[in-house]
Amino acid sequence: TKVLDIGVELQKYGVLVSYNDPWVSQKDWDYLGISPINLTGDENMKFEAVILAVNHDVYKNRELEIRSLCGMPSILIDVKGAVDNAEWRL
């Protein structure tokens, strides 16, 4: 999928990548060495950037949970228009 392609490209630049996507199999991500995360986050796990690359129903109306993954400073990139207040979108 295109989501996997984004992860692969980011890894080429030395970016540490994590994911949450119920439509991509764990096997595909394991092959790439990319770890899953839970949307509810972990207080010790904050990201400099979150790329929302799909518009699945599971992500709609969950902007606060998605933003809870962001540290300060950070950016939320919404590729498919799933949230209302992204800092950057295509």
Side-chain angles (χ1 to χ4, degrees):
T1 74
K2 298 291 181 191
V3 174
L4 289 171
D5 294 342
I6 291 170
V8 168
E9 286 302 312
L10 290 171
Q11 284 183 321
K12 288 179 183 177
Y13 290 94
V15 175
L16 298 175
V17 177
S18 297
Y19 80 94
N20 178 286
D21 187 344
W23 295 102
V24 177
S25 76
Q26 178 70 41
K27 181 180 168 186
D28 290 333
W29 290 106
D30 287 345
Y31 174 76
L32 297 172
I34 298 176
S35 303
I37 60 162
N38 190 322
L39 273 188
T40 58
D42 174 344
E43 281 301 313
N44 298 318
M45 183 185 301
K46 297 294 182 186
F47 297 91
E48 295 173 8
V50 172
I51 300 173
L52 193 50
V54 294
N55 194 10
H56 300 323
D57 287 340
V58 68
Y59 300 117
K60 293 179 182 176
N61 300 316
R62 295 186 75 184
E63 185 170 349
L64 291 178
E65 290 172 87
I66 293 166
R67 285 193 179 277
S68 74
L69 301 171
C70 297
M72 292 302 273
S74 64
I75 185 170
L76 174 59
I77 300 168
D78 185 3
V79 177
K80 295 289 187 173
V83 297
D84 293 328
N85 298 303
E87 282 81 27
W88 191 86
R89 53 175 98 247
L90 286 178

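Only this structure's heavy atoms are used, side chains among them; waters, hydrogens and symmetry mates stay out. What you see is a predicted model; the values in this text were computed from it and never measured.
Here CG of L69 is found 8.5 Å from CE of M45. Values are rounded to the nearest 0.5 Å. In this structure, SG in C70 is found 10.5 Å from CD in E48, a value given to the nearest 0.5 Å.
Partners of R62 by side-chain hydrogen bond (donor to acceptor under 3.5 Å, both in side chains), not counting sequence neighbours, listed by chain and number: E65. Qualifying side-chain hydrogen bond (donor to acceptor under 3.5 Å, both in side chains) partners for E9, counting only residues two or more places apart in sequence or in other chains: K12. Scored by the side chain to side chain contact (heavy atoms under 4.5 Å, CB included) test, S35 finds no partners at all (sequence neighbours excluded). By the side-chain hydrogen bond (donor to acceptor under 3.5 Å, both in side chains) test, K27 is found to be paired with no residue, residues two or more places apart in sequence or in another chain being considered. Residues satisfying the side chain to side chain contact (heavy atoms under 4.5 Å, CB included) test with K60, not counting sequence neighbours, are N55, D57. With sequence neighbours excluded, the residues satisfying side-chain hydrogen bond (donor to acceptor under 3.5 Å, both in side chains) with D30 are Q26. Under the salt bridge (charged side-chain N to carboxylate O under 4.0 Å, His left out) criterion, D84 pairs with no residue at all, not counting sequence neighbours.
Counting all heavy atoms, side chain and backbone alike, I37 lies closest to S18 at CG2-CB, 3.6 Å. Closest non-hydrogen pair, V50 versus I66, comes out as CG1-CG2, 4.0 Å. Shortest non-hydrogen contact noted between V3 and A53 is CG2-CB, 4.1 Å. For V83 against D78, the heavy-atom pair with the smallest separation is N-OD2, 2.9 Å.
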Before giving the answer on side chain to side chain contact (heavy atoms under 4.5 Å, CB included), spell out for I51 and L10 the whole-Å C-alpha distance, their side-chain angles and the decisive distance to 0.1 Å.
CA-CA 11 Å; I51 300 173; L10 290 171; 3.8 Å; yes
Given side chain to side chain contact (heavy atoms under 4.5 Å, CB included), test V79 with I77 step by step and report yes or no.
CA-CA 6 Å; V79 177; I77 300 168; 4.3 Å; yes
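Surrounding CD of Q11 are more than 12 heavy atoms belonging to other residues, nucleotides or ligands, all under 6.0 Å away.
Remark: the backbone N or O of S68 is paired with a side-chain donor or acceptor of K46 at under 3.5 angstrom.
Residues P36 and Y19 meet the side-chain proximity criterion, which asks for heavy atoms closer than 4.5 Å.
When the side chains of ILVMFWY residues are joined at heavy-atom separations under 4.5 Å, either directly or via intervening members, Y31 and L4 end up in a single hydrophobic cluster.
Sorted pairs that involve residues 59-81 and meet ring-ring contact (aromatic ring centres under 6.0 Å, His included), not counting sequence neighbours, are lacking altogether.
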